[in-house]
Amino acid sequence: MRICLLNPTHTAIGSRIPSDHLPPLGLLAVGGPLLDDGFAVRLVDADRAGLDARQTLVAVLAEPVDVVMMGHSGSSSAHRTVLNLALRLKRLHPRLIIVCGGVHPTYHWQETLAQCKAIDFVVRGEGERTTRDLLRLLDAGADWRQLPGIAWREADGPAASAKATMLECLDDWRVGWELIAHENYSYWGGMRAVVVQFSRGCPYLCSYCGQRGFWTRWRHRDPARFAAELARLHREHGVQLINFADELPTGSRKAWRAFLEALIAQNVPLTLVGSTRAGDIVRDADILHLYKRAGVIRFLLGIESYSQATLAAIRKGATQSEDREAIRLLRQHGILSMASCVVGFDERSDADFLRTLRHLRDYDPDQIQTLYATPHRWTPFYGEVARRRVLEPDTRKWDYKHQVLETPGVPAWRVFAWVKFIEVAVQLRPKALWRTFFNRDPDQAHAMRWYTAIGRKVWFHELAEFLFRRRHFQAPPALEDLAGSSMADEEESMAVGRARGRVVRLVAQR
Ligand code: B12
Ligand code: SF4
């Protein structure tokens, strides 16, 4: 069977504004096992090339193809684009089998299959094993209905098999790096780059998080083998920058330390960036010099809120003092910190925004990332805000950079004004400017200037969009009336296998 992996063009600023593009790791992870099974696989990365829908169809159909597999890391906001492309592809090539996967379709399999007759299968949860097994069965013309982890359409509507079990050993599954030309992918202002995963999942319980339940349990790769793979990517493909896709790469101090030491021993000049929890940085205060020696240049700290009450309400499991200390420790070790700031959890008045700004200045991160709370249906947060009004009708804009939920007591224009003001007030502080333009460390100077240049474009882009293109609902509906009831009971997308001492009950769901 001839398979085309398709990374659709994302409409979000994260894809459209930077000239750098990262490889689509999810599709490459699915592609590796398919290649090893002898399938003919190619990748069309429409997102990287910025192809419009018509150009994408031409690129996919330029060579003979039996199966198109679509998925996107910016999963929820890419979903409409995926559905649209599937319909157009099927119209041009009715015998094509279209499979989609990723986080959003995993949970929304019923409406995906009901709304889009062009999609034949949804792969639910981790893609590697299920996709390979599905393709084997399709290729052999065998029955696939008993295969765990898939959904499809029967005459009377969408149907799904039991949940697949999580992959127990991540090292058994390889990424299909040969599907890309490494010189096409960069990050951090032109550095040849890849996205990788040392671990999957996260044991914390933040109520708004759309990722932790997808992977079900935290697992990690073998530290030495993983370090060797990164070193090989550098030596054989000239990769310079490693972007960690992990939710929590530092989840085990022992494993993370072993990885850092193994990478230092490989002696490769790699630059590492990723996200983690502030608490892990504080825990690792005595080994942060290893982070630095291994090449870590920046960690995004998922701080999200600067109010202790909000941190408790969203079950962040963090404290203000720990968050502040993590930033201080990173700076002490010559590592940049980026602090996330999520608005829309529970602000009630302008005073709440002002307090966020004061705290942010006091925490003193090198960079900030402001986001809007976005309700994913499979998270507990969704149930908590089910009666809140929705301002944003276009789900392509449910991308964390547009206000989706109304803030009671503060009109949308003022929320927007606060967000833009917070960004300027934090990033234009004399300290931040000094670190950007007079930084004596050339790598940090490059990082700060690159970030400032992108930030400037994004800032003006968002302002123009808000002023001239933004359309909110005239009569905003309540979230659950618009998007359905909570699916938080389904949050863990996979079953835990026998190897962890639990017996899996396979229950077919309809
Ligand atoms: C790297 C990354 C990026 C990179 C994208 C690089 C790239 N080309 O993919 C950059 C920085 C450009 C980026 C931008 C954005 N991102 Co981003 N990003 C991530 C990050 C850190 C890792 C994604 C990843 O590679 N995961 C690892 C892979 C292996 O997992 P996966 O993609 O889910 O794939 C597995 C399965 O889902 C499945 N699968 C996936 N696809 C398919 C397809 C088929 C056919 C099948 C069968 C299976 C399958 O199999 C895979 C292997 O098991 C995640 C956070 C995280 N921890 O995951 C956020 C994340 C994906 N990003 C997010 C968002 C919102 C965005 C933006 C919209 C932000 C913005 N407003 O600009 C944009 C969208 C543009 C884009 N290109 O994605 C959200 C998405 C939330 C959601 N549910 O929709 C996440 C989860 C962050 C978060 N905190 O919640 N992002
Ligand atoms: S720490 Fe991050 S990845 Fe873990 S549950 Fe919270 S938001 Fe999700």
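These numbers come from the heavy atoms of this one structure, side chains and all, not from hydrogens, waters or symmetry mates. Since this is a predicted model, take the numbers as computed values, not measurements. Numbering of ligands and ligand atoms starts at 1, following listing order.
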Q: Looking at atom 2 (C) of ligand 1, is any protein heavy atom nearer than 4.0 Å to it?
A: no
Q: Could you identify the single nearest non-hydrogen protein atom to atom 64 (C) of ligand 1 and state the distance to 0.1 Å?
A: G74 CA, 4.2 Å
Q: Could you name the option among G102, G302, A193 that has the heavy atom nearest to atom 49 (C) of ligand 1?
A: G102
Q: Among all protein heavy atoms in this structure, tell me which lies nearest to atom 7 (S) of ligand 2, with the distance rounded to 0.1 Å.
A: Y208 OH, 3.4 Å
Q: Mind checking the CD-CG spacing from Q197 to L170? Nearest 0.5 Å is all I need.
A: 7.5 Å
Q: Can we say R132 and D36 salt-bridge, meaning some charged N sits less than 4.0 Å from an Asp/Glu carboxylate O?
A: no
Q: Just need the protein heavy atom nearest to atom 8 (Fe) of ligand 2, so name the residue and atom and give the distance.
A: C209 SG, 2.4 Å
Q: Is the shortest side-chain N to carboxylate O distance from E465 to R16 below 4.0 Å?
A: no
Q: Going by atom types only, do D366 and Y451 share a side-chain donor-acceptor pair under 3.5 Å?
A: no
Q: Below 2.8 Å, can you find an N, O or S atom of C202 next to atom 6 (Fe) of ligand 2?
A: no
Q: Taking the ring of W398 and the ring of Y382, is the distance between their centroids below 6.0 Å?
A: no
Q: Might you check, step by step, whether the distance between atom 51 (C) of ligand 1 and some protein heavy atom is under 4.0 Å?
A: yes
Q: Centre-to-centre under 6.0 Å for W218 and Y204, is that the case here?
A: no
Q: So is there a nitrogen or oxygen of G71 less than 3.5 Å from a nitrogen or oxygen in ligand 1?
A: no
Q: So if I count the atoms of ligand 1 from 1 in the order they appear, which ones are less than 4.0 Å from some heavy atom of E128?
A: 52 (C), 53 (O)
Q: Got the closest protein heavy atom to atom 2 (Fe) of ligand 2, with its distance?
A: K316 NZ, 4.1 Å
Q: Looking at atom 27 (C) of ligand 1, is any protein heavy atom nearer than 4.0 Å to it?
A: yes
Q: Would you say the side chains of T276 and T250 form a donor-acceptor pair under 3.5 Å?
A: yes
Q: Could you list the atoms of ligand 1 found under 4.0 angstrom from a heavy atom of L27?
A: 43 (C)
Q: Answer yes or no for atom 81 (C) of ligand 1: protein heavy atom present at a distance under 4.0 Å?
A: yes
Q: Could you tell me, atom by atom, which parts of ligand 1 come under 4.0 Å of a heavy atom of G14?
A: 12 (C), 70 (C), 72 (O)
Q: To the nearest 0.1 Å, how far is atom 76 (C) of ligand 1 from its closest protein heavy atom, and which atom is that?
A: H72 CE1, 3.2 Å
Q: Is A29 in polar range of ligand 1, meaning some N or O pair under 3.5 Å apart?
A: no
Q: Against heavy atoms of E247, which atoms of ligand 2 measure under 4.0 Å?
A: 3 (S)
Q: Going by heavy atoms, is S77 under 4.0 Å from ligand 1?
A: yes
Q: How about H108 and H79: are their ring centroids closer than 6.0 Å?
A: no
Q: Heavy-atom distances under 4.0 Å are what count here, so tell me which part of F214 touches ligand 1: side chain, backbone, both or neither.
A: side chain
Q: Does a salt bridge link D172 with R129, judged by any charged N lying under 4.0 Å from a carboxylate O?
A: no
Q: Any Lys/Arg nitrogen of K316 or E304 sitting under 4.0 Å from an Asp/Glu carboxylate oxygen of the other?
A: yes
Q: Protein non-hydrogen atoms only, distance under 4.0 Å: does atom 42 (C) of ligand 1 have such a neighbour?
A: yes
Q: Do any N/O atoms on S15 end up under 3.5 angstrom from N/O atoms on ligand 1?
A: yes
Q: State plainly whether the residues D399 and K401 are in salt-bridge range, i.e. N to O under 4.0 Å.
A: no
Q: Hey, are E423 and K420 close enough for a salt bridge, meaning a charged N less than 4.0 Å from a carboxylate O?
A: yes
Q: Nearest protein heavy atom to atom 6 (Fe) of ligand 2, by residue and atom, and its distance?
A: C206 SG, 2.3 Å
Q: Flag yes if more than 12 heavy atoms outside D489 fall under 6.0 Å of its CG atom; otherwise flag no.
A: no
Q: Show the atoms of ligand 1 that are less than 4.0 angstrom away from any heavy atom in Q197.
A: 27 (C), 29 (C)
Q: Would you call Q211 a ligand 2 contact, heavy-atom distance under 4.0 Å?
A: no
Q: Would you mind telling me if ligand 1 is within reach of the side chain of H10, the backbone, both or neither, using heavy atoms under 4.0 Å?
A: side chain
Q: Below the 3.5 angstrom mark, is there an N/O of W215, backbone or side chain, next to an N/O of ligand 1?
A: no
Q: Please confirm whether A245 comes within less than 3.5 Å of ligand 1 when only nitrogen or oxygen atoms on both sides are compared.
A: yes
Q: Using a distance threshold of 4.0 Å (strictly less than), state whether atom 17 (Co) of ligand 1 has a protein heavy-atom neighbour.
A: no
Q: Is atom 13 (C) of ligand 1 less than 4.0 angstrom from some protein heavy atom?
A: no
Q: Please work out whether the ring planes of W378 and H376 are parallel, tilted or perpendicular, with thresholds of 30° and 60°.
A: parallel
Q: How far is atom 87 (C) of ligand 1 from its nearest protein heavy atom, and which residue and atom name does that atom have?
A: Y400 CE2, 4.3 Å
Q: Would you say T131 and ligand 1 have an N/O pair spaced under 3.5 Å apart?
A: no
Q: Could you tell me whether K401 and ligand 1 have an N or O pair separated by under 3.5 Å?
A: no
Q: Taking only heavy atoms of E126 into account, list the atoms of ligand 1 that are under 4.0 Å away from them.
A: 53 (O)
Q: Between D280 and R283, is the closest basic N to carboxylate O distance under 4.0 Å?
A: yes
Q: Among protein heavy atoms, which lies nearest atom 1 (S) of ligand 2, and at what distance?
A: R277 NH1, 3.3 Å
Q: With a heavy-atom distance limit of 4.0 Å, tell me whether D47 approaches ligand 1 through its side chain, its backbone, both, or neither.
A: side chain
Q: Mind checking whether T106 contacts ligand 1 via backbone (N, CA, C, O), side chain (CB onward), both or neither, at a 4.0 Å heavy-atom cut-off?
A: neither
Q: For ligand 1, does H21 get within less than 4.0 Å through its side chain, its backbone, both, or neither, judged by non-hydrogen atoms?
A: neither
Q: Report yes or no: does a heavy atom of M70 sit under 4.0 Å from some atom of ligand 1?
A: yes
Q: Are F244 and F198 close enough that their ring centres sit under 6.0 Å apart?
A: no
Q: Does atom 56 (C) of ligand 1 have any protein heavy atom closer than 4.0 Å?
A: yes
Q: Hey, are H10 and T81 close enough side-chain-wise for a donor-acceptor pair under 3.5 Å?
A: no
Q: Near R200, which atoms of ligand 1 are under 4.0 Å from a heavy atom of that residue?
A: 52 (C), 53 (O)
Q: Could you list the atoms of ligand 1 found under 4.0 angstrom from a heavy atom of A12?
A: 68 (C), 70 (C), 71 (N), 72 (O)
Q: Number the atoms of ligand 1 from 1 as they appear, then name those within less than 4.0 Å of a heavy atom of E247, with their elements.
A: 56 (C), 57 (N), 58 (O)
Q: With heavy atoms under 4.0 Å as the rule, classify the contact between V123 and ligand 1 as side chain, backbone, both or neither.
A: side chain
Q: Using a strict threshold of under 4.0 Å (side-chain N to carboxylate O), is an ion pair present between R219 and E168?
A: no
Q: Is it the side chain, the backbone, both or neither of A78 that has a heavy atom closer than 4.0 Å to ligand 1?
A: neither
Q: Would you please say whether a donor-acceptor pair under 3.5 Å links the side chains of E480 and S485?
A: no
Q: Using the ring of each side chain (for Trp, its six-membered ring), is W152 parallel, tilted or perpendicular to W144, with breaks at 30° and 60°?
A: perpendicular
